[in-house]
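Below is one structure, written out as structure tokens; the observations come after it.
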Amino acid sequence: MQGDFVISRKILLIGCGKMGGALLEHWMSGGEEFTIVDPMLETAPEGVRLVRDRSEIAEERFDTIIVAIKPQMIDDVLPDYAANLAEGGYVLSIAAGASAARLAKAMDGAPVVRVMPNLPAAVGKGTSGVLAGPDVSDAQADHAMEMMRRTGTAVAVENEDMLDRATAVAGSGPGYVFEIARSYVAAAEKLGFDPDQARALVLGTMEGTIAMALANPDTPLEELRNSVTSKGGTTAAGLDALNGDGGLSDKLDATLTSAYNRAVELR
């Protein structure tokens, strides 16, 4: 473990695509100074400096370097920036599939925190798995967690395999939820509602239900489900059709397992 780390003040963001840009909007609430290096980006948010290549920051040092480029670019691009990391600094990576060891090697042995965010970070409702590499100090890990909490929920995981599992659950999760919502809306339309009515009814129901679950964190989900289910009533009939044979549970098990297996293949 390294010694105490002064909370980062100067941060360099290498690459600023869709996910990097979405996260940056919320990261900026912490008061750090951000510089983006991206040859394709036309403008940066107010208060953020934009440079086109490393030559413009050759002599500068940054407390945190955020890696937001495609994984296949890491070995060619990242080594040039090792000299820009300040003493006692660390690397935070959102590059999917790039291991902490690979990133550390590219950055001349720097401490690495890997993050797997998901798309709702764009609206400040993201859910991220966070993995602190072996040389990351407690202060560095705390700073990384605080950064990700600005974008929503952050969950610390113990190793890269668990980060792959977090990818299967949360990283890919919005896709599953959108598909469930799409199917739910389609079913409501078949029941006689127009598309706008169906969408409002379904998304409003989902939003309110999730809010209720979050407001009762110590109540098991099964208990919450039972609290709205009367024996022999409409909810009971619907639930029996939905998962009475365990088919939905089996489908979700298969969904997460398939996504996890693919994450392992992409390591």
Side-chain angles (χ1 to χ4, degrees), residues 18-19 21-23 25-27 29 94 96 115-131 145-157 162-231 233-260 263:
K18 187 174 183 179
M19 181 60 76
L23 294 169
E25 287 191 20
H26 301 284
W27 282 334
S29 67
I94 64 169
V115 175
M116 177 51 63
N118 66 8
L119 191 57
V123 293
K125 296 290 185 181
T127 301
S128 302
V130 181
L131 170 66
M145 287 291 287
E146 197 275 327
M147 286 268 289
M148 296 316 300
R149 286 183 180 127
R150 297 176 202 171
T151 73
T153 300
V155 177
V157 299
M162 290 306 297
L163 194 62
D164 285 338
R165 294 172 190 267
T167 299
V169 176
S172 299
Y176 319 148
V177 176
F178 282 134
E179 177 59 14
I180 290 168
R182 183 203 64 79
S183 300
Y184 194 174
V185 169
E189 290 179 24
K190 289 181 180 178
L191 206 58
F193 294 99
D194 68 41
D196 289 341
Q197 290 174 319
R199 184 182 175 102
L201 285 167
V202 167
L203 296 186
T205 297
M206 294 178 76
E207 180 184 29
T209 303
I210 294 301
M212 185 176 177
L214 291 173
N216 294 274
D218 297 324
T219 304
L221 295 177
E222 181 179 10
E223 184 176 328
L224 290 173
R225 180 203 64 195
N226 291 344
S227 71
V228 297
T229 307
S230 301
K231 185 176 182 180
T234 57
T235 306
L239 284 170
D240 186 59
L242 180 66
N243 201 30
D245 61 356
L248 177 63
S249 296
D250 291 342
K251 277 284 188 181
L252 288 172
D253 286 343
T255 297
L256 298 191
T257 299
S258 294
Y260 165 67

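None of the values given here were measured: they were computed from a predicted structure. We use all heavy atoms of the structure for the numbers below, so side chains are in, but hydrogens, waters and symmetry mates are not.
Of the possible polar contacts, one joining the Q197 side chain to the D194 backbone as a donor-acceptor pair under 3.5 Å is found. Counting only distance, with no hydrogens or angles, the side chain of N118 and the backbone of P174 share no donor-acceptor pair below 3.5 Å.
Surrounding CG of L242 are more than 12 heavy atoms belonging to other residues, nucleotides or ligands, all under 6.0 Å away. Enclosure of atom CZ in F193 is not indicated, since only 12 or fewer non-hydrogen atoms of other residues, nucleotides or ligands lie within 6.0 angstrom.
No side-chain heavy atom of V157 sits less than 4.5 Å from a side-chain heavy atom of R165.
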Result block: side-chain N/O donor-acceptor pairs under 3.5 angstrom for residues 200-219, not counting sequence neighbours:
from : atom 1 : to   : atom 2 : distance (Å)
T205 : OG1    : L201 : O      : 2.6
T209 : OG1    : T205 : O      : 2.6
N216 : ND2    : M212 : O      : 2.8

Under 3.5 Å, side-chain donor or acceptor atoms of residues 250-259 against the rest of the protein: list the pairs with distances, not counting sequence neighbours.
from : atom 1 : to   : atom 2 : distance (Å)
T255 : OG1    : K251 : O      : 2.7
T257 : OG1    : D253 : O      : 2.9
S258 : OG     : A254 : O      : 2.9

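Note: M116 CE to L163 CG = 6.0 Å, rounded to the nearest 0.5 Å. T229 contributes atom OG1, which lies 11.5 Å from atom CG of D240 (distance to the nearest 0.5 angstrom). The distance from atom CZ of R150 to atom CH2 of W27, rounded to the nearest 0.5 Å, is 9.5 Å. Distance check: M19 CE to L119 CG gives 5.5 Å after rounding to the nearest 0.5 Å. Here T127 contributes atom OG1 and M148 contributes atom CE; the two are 10.0 Å apart, rounded to the nearest 0.5 Å. In this structure, the separation between OG1 on T167 and CE on M162 is 10.5 Å, given to the nearest 0.5 Å.
What you find for A154 and R149 is that their closest heavy atoms are CB-CG, 3.9 Å. The two residues H26 and T151 make their nearest non-hydrogen contact at CB-CG2, 3.9 Å. Across every non-hydrogen atom of L224 and S227, the tightest pair is O-OG, 2.6 Å. In terms of heavy atoms, A166 sits closest to G129 at CB-CA, 4.4 Å.
E179 pairs by the salt bridge (charged side-chain N to carboxylate O under 4.0 Å, His left out) definition with R182, not counting sequence neighbours.
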